[in-house]
Amino acid sequence: MKSMALAIETLVKQVATETGVSVRTVQRVLAGDGKMVWKSATRRADEIRRVAAKLKYRPNGAAAAMSTGRFGTVSLLLSAVGSRSYLPSQLLDGIQDELATRDLTLQIAKLPDEKLSSDGFVPKLLRTSNSDGLLIDYTDHIPSAMLELVRRYRLPSVWINSRQDADCVRPDDEGAGRAATQHLLNLGHRHIAFADFAHGGRAVTAEAAEPHYSADARRSGYEQAMRAAGLQPRAMQQATLYADRLVAARQWLSSSDRPSAVVAYSRATGGPLIFAAATLGLSVPRDLSVVIFDDAKDTTPGIVVTTLVVPHYELGRLAAAMLTEKIKNPSRQLPPREVHFQMEAGQSCAPPASAGTPV
């Protein structure tokens, strides 16, 4: 910040010298202060702005940085490895809408792990990008060195969709797991299972080897609801390649003790279950009720699936608001904040062994 302030001061002096006015006059014109009543003053202000533009001086941002010590910009940090950051449009909209209410702008930085783990690089990123703080959308396989750098330098930053001890915003996946299970319990189901074809067991992908925290959180919420109802939890949590998920679902649903209802980790698990049920002559929801978690209400061909919708927009707004708190006081640790899912009813749930009204 000091080096930038010095560079700005030098530019202001150059403008003053070329236009023959005082440094104070240049600062006042570039900051937009005062009204130009006389034509001579207007011409002088126009000349100051022309010279400043020629010297590649950015009036608004530079003047604000000089007077407040801030740039009015935050950076959204993403991994160069696509699977390690997730940026749905609703999340980006929430971030931008909240920043707009605070007169802040957003820029995006996508960087490789080796840079993010390099000592001093992350603090340098704030300086060179003219950013006041970081929104870190890095959800999986977070380099330990990166975590250490953010903590050591006390950078004003907020983690999105990540389970950290402080300064993070995430969906309430555990609560959503309870809500999905309770919905099925309220319909009368007792033989309810949890299914996840993305995580657990033998790792078939790099992501499965170190799963996102939501894999355990959603299952934990399911187990809590089952035990609270005096029922034994039952899970089929096995990492399976996409091409093999339909086969795995058929085998599971072909067993003699198949469940009457399933809480599925995501659309990528619920979809194969619904298709497998159809190939086995099972009807959804008459023979099998299904609830999933997804970014929006899921419409599998032929049926609208009851969905716990991930609150991405609310996450974005809360993360941006939380970062403004961190910028004001970077050394203060803020407690983690969770956002509740919203249930969108579909046609995939009904009372057990009944073709009653889907819920």
Side-chain angles (χ1 to χ4, degrees), residues 171-201 214-240 245-294 297-298 300 302-310 340-359:
D172 182 11
D173 288 278
E174 193 169 279
R178 288 194 300 270
T181 310
Q182 191 61 52
H183 179 67
L184 296 169
L185 289 167
N186 291 344
L187 288 172
H189 289 279
R190 292 298 178 265
H191 196 182
I192 306 169
F194 181 86
D196 181 1
F197 292 148
H199 313 99
S214 60
D216 289 334
R218 293 175 188 177
R219 175 175 174 173
S220 176
Y222 152 80
E223 291 175 343
Q224 291 170 26
M226 290 291 284
R227 292 194 176 102
L231 301 172
Q232 183 64 35
R234 177 190 175 194
M236 204 291 279
Q237 197 165 9
Q238 173 64 57
T240 308
R245 289 181 182 180
L246 182 58
V247 173
R250 279 179 55 88
Q251 291 175 344
W252 193 46
L253 294 179
S254 297
S255 64
S256 58
D257 63 340
R258 67 172 175 80
S260 66
V262 176
V263 175
Y265 171 76
S266 67
R267 178 189 304 191
T269 294
L273 283 168
I274 292 172
F275 280 117
T279 65
L280 294 171
L282 301 174
S283 172
V284 174
R286 185 189 64 213
D287 301 312
L288 181 71
S289 288
V290 179
V291 180
I292 69 169
F293 307 85
D294 201 47
K297 183 188 290 187
D298 179 45
T300 297
I303 189 169
V304 179
V305 183
T306 297
T307 306
L308 272 294
V309 178
V310 183
H340 298 304
F341 286 61
Q342 179 179 345
M343 180 175 287
E344 293 287 346
Q347 304 163 315
S348 62
C349 295
S354 169
T357 303
V359 179

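What you see is a predicted model; the values in this text were computed from it and never measured.
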Test item: side-chain donor near acceptor, H183 and T306, under 3.5 Å: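 T306 and H183 do not have a side-chain donor-acceptor pair below 3.5 Å.
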Residues that H191 engages under side-chain contact (heavy atoms from CB on, under 4.5 Å), provided they are two or more places apart: R234, D257, P259, S260
Residue list, side-chain contact (heavy atoms from CB on, under 4.5 Å) with Q342, at least two apart or on another chain: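 Partners of Q342 under the side-chain contact (heavy atoms from CB on, under 4.5 Å) test: E344.
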Quick one: [atom1] on [X] to [atom2] on [Y], what's the gap to the nearest 0.5 Å?
| X | Y | atom1 | atom2 | value |
| --- | --- | --- | --- | --- |
| M236 | R258 | CE | CZ | 15.0 Å |
| D196 | S266 | CG | OG | 7.0 Å |
| C349 | N186 | SG | CG | 11.0 Å |
| L184 | M226 | CG | CE | 9.5 Å |
| D216 | E223 | CG | CD | 9.0 Å |

Just by modelled atom types, is the [Y] backbone N or O under 3.5 Å from a matching donor or acceptor in the [X] side chain?
| X | Y | answer |
| --- | --- | --- |
| Q347 | I303 | no |
| T307 | V309 | no |
| R245 | T240 | yes |

W252/Q238 under side-chain contact (heavy atoms from CB on, under 4.5 Å): CA gap, chis, key distance, verdict: CA-CA 11 Å; W252 193 46; Q238 173 64 57; over 6 Å; no
L185 side chain reached by L231 side chain, heavy atoms, under 4.5 Å: yes
Salt bridge (charged side-chain N to carboxylate O under 4.0 Å, His left out) partners of residues 178-187, not counting sequence neighbours, each pair once: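 Every salt bridge (charged side-chain N to carboxylate O under 4.0 Å, His left out) pair that includes a residue of residues 178-187, provided the two are not neighbours, is E174-R178.
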Non-neighbouring partners of Y265 that pass ring pair (Phe, Tyr, Trp, His ring centres under 6.0 Å), sequence neighbours left out: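 Partners of Y265 under the ring pair (Phe, Tyr, Trp, His ring centres under 6.0 Å) test: H199.
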Test ring pair (Phe, Tyr, Trp, His ring centres under 6.0 Å) applied to Y222 - qualifying residues, sequence neighbours left out: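 Y222 satisfies ring pair (Phe, Tyr, Trp, His ring centres under 6.0 Å) with F194 only.
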Run the side-chain donor-acceptor check on residues 269-285: report pairs under 3.5 Å with partners two or more places apart or on a different chain.
| from | atom 1 | to | atom 2 | distance (Å) |
| --- | --- | --- | --- | --- |
| T269 | OG1 | F197 | N | 3.0 |
| T279 | OG1 | R250 | NH1 | 2.7 |
| T279 | OG1 | A276 | O | 2.7 |

